[in-house]
Amino acid sequence: MTKLVRSNFQDHPFHLVSPSPWPLFISLALLCLTSSSALAMHNFENAYYLVYLGFFLVATTMFFWFRDVISEGTFLGDHTAAVQRGLNLGVILFIASEGLFFLAIFWAFFHSALTPTVELGAQWPPLGIEPVNPFELPLLNTVILLSSGATITYAHHSLIQGQRSGALYGSIFTVLLAVIFTGFQGVEYSVSSFTISDGAFGTCFFFATGFHGIHVIVGTIFLAIALWRIYAYHLTDQHHLGFEAGILYWHFVDVVWLFLYISIYYWGS
């Protein structure tokens, strides 16, 4: 009798992900992070220890999840052309959702700025608030962030043309500029004359620039991982989906910063 051997080949080009614990783990980690952050902001005792635990759990889960995705795309060959198209569409939809998130922030800012209430002194910036000078540190940060957009574009084109050194140096300069931008943002916060508790102006300013700073940190992590993958020969001129996703995200961060600088730093001051 002839035994029937089950084939391991599938008759479609799509990647069926194996059962993974990371979606559940990241959900629990984010729940820990957000709930503990809310408790810490309301001065619950020792709540900041849970915040640190939440950050650790999120970072650890991201590490192992990224490891699995890298293995699927680089070593197992699961990221076919059809899968890459789907992932590209997912990245585009994610960036669109982030754009709507920042749209809500700008809506809150202009709602308060265009019709300042009596409680704000019927003026914008409100009475007693000394805004950040847009032609000092914010202008320098604008130059730094736009320069990082140019260097990552250079790295992308170098990788497409098979120039490994250009891709590496462009990515290294981009990550360095991103770290410098984040450092200067922290300096700006430390010397600011107002806080997030200073009415609508402080809330809108720190909420908008703070969330943009979080996006810069996330984008820096994405590009740093892509830099490591270029160094490890994971990414080629024909297959660098994660790098392109990080670049799209970084250009989105650049565009949002331009709107922030023009509306909140320059016009809003």
Side-chain angles (χ1 to χ4, degrees), residues 26 33 55-56 58-71 73-74 79 84 87-88 90-92 94-95 98-99 102 137-190 208-261:
I26 197 67
L33 179 61
F55 272 117
F56 173 77
V58 170
T60 304
T61 307
M62 286 177 61
F63 173 83
F64 286 109
W65 202 348
F66 282 18
R67 180 203 60 180
D68 288 354
V69 173
I70 290 172
S71 298
T74 305
H79 290 178
Q84 292 184 55
L87 292 173
N88 274 325
V91 170
I92 292 172
F94 168 70
I95 292 176
E98 293 291 282
F102 278 100
L137 201 54
L139 182 59
L140 177 60
N141 259 352
T142 302
V143 175
I144 291 173
L145 199 58
L146 294 182
S147 299
S148 71
T151 54
I152 198 61
T153 302
Y154 170 76
H156 186 206
H157 285 280
S158 297
L159 184 62
I160 292 174
Q161 296 169 7
Q163 299 175 3
R164 174 178 163 82
S165 60
L168 285 171
Y169 287 128
S171 299
I172 290 172
F173 281 120
T174 302
V175 172
L176 288 176
L177 289 172
V179 172
I180 294 172
F181 174 90
T182 304
F184 282 164
Q185 193 77 44
V187 171
E188 178 185 300
Y189 284 177
S190 65
T209 58
F211 265 101
H212 177 268
I214 293 174
H215 283 72
V216 169
I217 294 173
V218 172
T220 305
I221 295 172
F222 284 167
L223 296 180
I225 293 172
L227 169 61
W228 170 76
R229 295 189 66 195
I230 294 172
Y231 179 77
Y233 291 94
H234 288 181
L235 304 181
T236 66
D237 55 343
Q238 299 295 329
H239 195 286
H240 48 270
L241 178 65
F243 191 38
E244 286 186 337
I247 292 170
L248 283 175
Y249 187 84
W250 195 252
H251 287 320
F252 165 75
V253 169
D254 284 348
V255 172
V256 170
W257 176 258
L258 284 177
F259 280 101
L260 281 173
Y261 179 78

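The basis for the numbers below is simple: all heavy atoms, side chains too, and nothing from hydrogens, waters or symmetry mates.
- Using a 4.5 Å cut-off on side-chain heavy atoms (C-beta onward), R229 and I70 make contact.
- For F55, the CZ atom counts as loosely surrounded, since its 6.0 Å shell holds 12 or fewer non-hydrogen atoms of other residues, nucleotides or ligands.
- In terms of modelled atom types and a separation under 3.5 Å, the side chain of H240 and the main chain of T236 share a donor-acceptor contact.
- With a 4.5 Å cut-off on side-chain heavy atoms, F102 and F259 do not count as touching.
- Taking 4.5 Å as the limit, some side-chain heavy atom of V253 sits within range of a side-chain heavy atom of H212.
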Can you give each donor-acceptor pair under 3.5 Å made by side-chain atoms of residues 168-178, sequence neighbours left out, with the distance rounded to 0.1 Å?
| from | atom 1 | to | atom 2 | distance (Å) |
| --- | --- | --- | --- | --- |
| S171 | OG | A167 | O | 2.8 |
| T174 | OG1 | T151 | OG1 | 2.7 |
| T174 | OG1 | I152 | N | 3.1 |
| T174 | OG1 | G170 | O | 2.7 |

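- Remark: R164 engages Y233 in a side-chain hydrogen bond (donor to acceptor under 3.5 Å, both in side chains) (not counting sequence neighbours).
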Quick one: side chains of residues 218-226, donor-acceptor pairs under 3.5 Å with protein atoms, not counting sequence neighbours, listed by atom name and distance.
| from | atom 1 | to | atom 2 | distance (Å) |
| --- | --- | --- | --- | --- |
| T220 | OG1 | V216 | O | 2.7 |

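- L235 CG to L241 CG: the interatomic distance, rounded to the nearest 0.5 Å, is 9.5 Å.
- Taking CZ of R67 as the reference point, atom CE of M62 lies at 14.5 Å (rounded to 0.5 Å).
- Between F252 and Y249, the ring planes are tilted. Angles from 30° to 60° get that label.
- Looking at Y261, its side chain never comes within 3.5 Å of a backbone N or O of N141 through a donor-acceptor pair.
- Within the model, atoms CD1 of I144 and CH2 of W257 stand 10.0 Å from one another, a figure rounded to the nearest 0.5 Å.
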